[in-house]
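Just so you know, these numbers come straight off a predicted model, no measurement behind them. So that the names make sense, note that chain A is the first sequence line, chain B the second, and so on, each numbered from 1.
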Amino acid sequence: MVSSKEPNQEKKKPRSDGVNTTGARSARSSGSRTKNKEINVQTTVKKEPEVQEISESSSSDSVEEARRDEPMKSNGGGVEDAKMIRFPMNRIRRIMRSDNSAPQIMQDAVFLVNKATELFIERFSGEAYESSVQDKKKFIHYKHLSSVVSNDDRYEFLADCVPEKLEAEVALEEWERSMTDAC
Amino acid sequence: MADEDRLLPIANVGRLMKQILPSNAKISKEAKQTVQECATEFISFVTCEASDKCHRENRKTVNGDDIWWALSTLGLDNYADAVGRYLHKYREAERERAENNKSSNDSGNEREPNITSGYSRVLEKGSSSSAR
């Protein structure tokens, strides 16, 4: 007799597949009950490593946004660091495809770019922070980023992204000088 | 494509910066946006190099090795070293996951919960420290 459909009690057997005989119950429903418990436990366990699903999903962006911050220290928390993927795989893939003619990109490539980008931001930010400290400023400003870019050949590819800002007067002077030289 | 979609999510960028920098560090909004753009540019830069390599070799698909190669070629050796380990572990984890899926399907159960934890376990072993 089917008795399992109790909408309020969702914890019991998510699927009522009509398992009612005692023998089968112990096999299948205990399996599903165990699964429930496993799912509950797994939810708890999953939160710790917070591993991004490798396969893409449409909700991955929101999942990433909702992910809680764990205090990641770069030295002590190295293990935790490795497990997390920082950015939504969908977004990474979209950026990779936008300017490039590569028709197909394998998932491991997207993953690597994800990790490499994380490293890039860490290092770039770290160097900008050093620059702000030398400048005796409390905030990291645009100029600290631009000085990092202009002082390091490794960041040459960012020269167009982060040009040094000039004050209008200085820019005008340079322009006039160049016009004079041209004549 | 909307601006927000062509860049990395700024919340993730900001969160990462906050975690990596000392707790007293402050980042101006403009600086955060600039890092967001730079990171996006970084992705394009590396992908372009990897993609060119595929073209030269008449291949249509960019894979992890191409990315690794691009990082090395572009003078980003220390990135290549760090991600090289991740690549290896990622592939191991994928193999493990495929095997788990296969055995799960065979037994009629749904996906095993320990796939993800297996992946994380594998990465855990390989992470030691990303070269900084």
Sidechain-backbone polar pair: A:Asp135 side chain, A:Ser131 backbone, donor-acceptor under 3.5 Å: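 Checking the backbone N and O of A:Ser131 against the side chain of A:Asp135, no donor-acceptor pair under 3.5 Å is found.
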
Mutual orientation of the aromatic rings belonging to B:Phe45 and A:Phe157 [parallel < 30°, tilted 30-60°, perpendicular > 60°]: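 Ring orientation of B:Phe45 relative to A:Phe157: parallel.
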
Contact winner vs chain A - B:Cys54, B:Ala31, B:Cys38, heavy-atom pairs under 4.5 Å: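 When all of B:Cys54, B:Ala31, B:Cys38 are compared, B:Cys38 has the most.
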
When B:Gly84, B:Pro22, B:Ala70 are compared by non-hydrogen pairs under 4.5 Å with chain A, the top option: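 The residue among B:Gly84, B:Pro22, B:Ala70 with the greatest pair count is B:Pro22.
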
Region of A:Phe120 that comes under 4.5 Å of a non-hydrogen atom in chain B: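 Answer is both: backbone and side chain atoms of A:Phe120 are under 4.5 Å from chain B.
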
Part of A:Leu112 lying under 4.5 Å from any heavy atom of chain B: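 For A:Leu112, backbone and side chain are both near chain B.
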
NZ or CZ of A:Arg123 within 45° of B:Tyr79 ring axis and under 6.0 Å: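 Yes, A:Arg123 lies over the aromatic ring of B:Tyr79.
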
Which atoms of [X] approach chain A - backbone, side chain, both or neither, heavy atom under 4.5 Å:
X       : answer
B:Leu8  : both
B:Ile27 : both
B:Asn63 : both

Qualifying ring-ring contact (aromatic ring centres under 6.0 Å, His included) pairs with a residue from residues 162-182 of chain A, counting only residues at least two apart or across chains: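 Listed once each, the pairs would be none.
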
Salt bridge B:Glu94-B:Arg97, side-chain N to carboxylate O under 4.0 Å: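 Judged by the 4.0 Å cut-off on N to carboxylate O distance, B:Glu94 and B:Arg97 do form a salt bridge.
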
Carboxylate-amine/guanidinium contact B:Asp65 B:Arg91, below 4.0 Å: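 Between B:Arg91 and B:Asp65 there is a salt bridge, with a charged N closer than 4.0 Å to a carboxylate O.
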
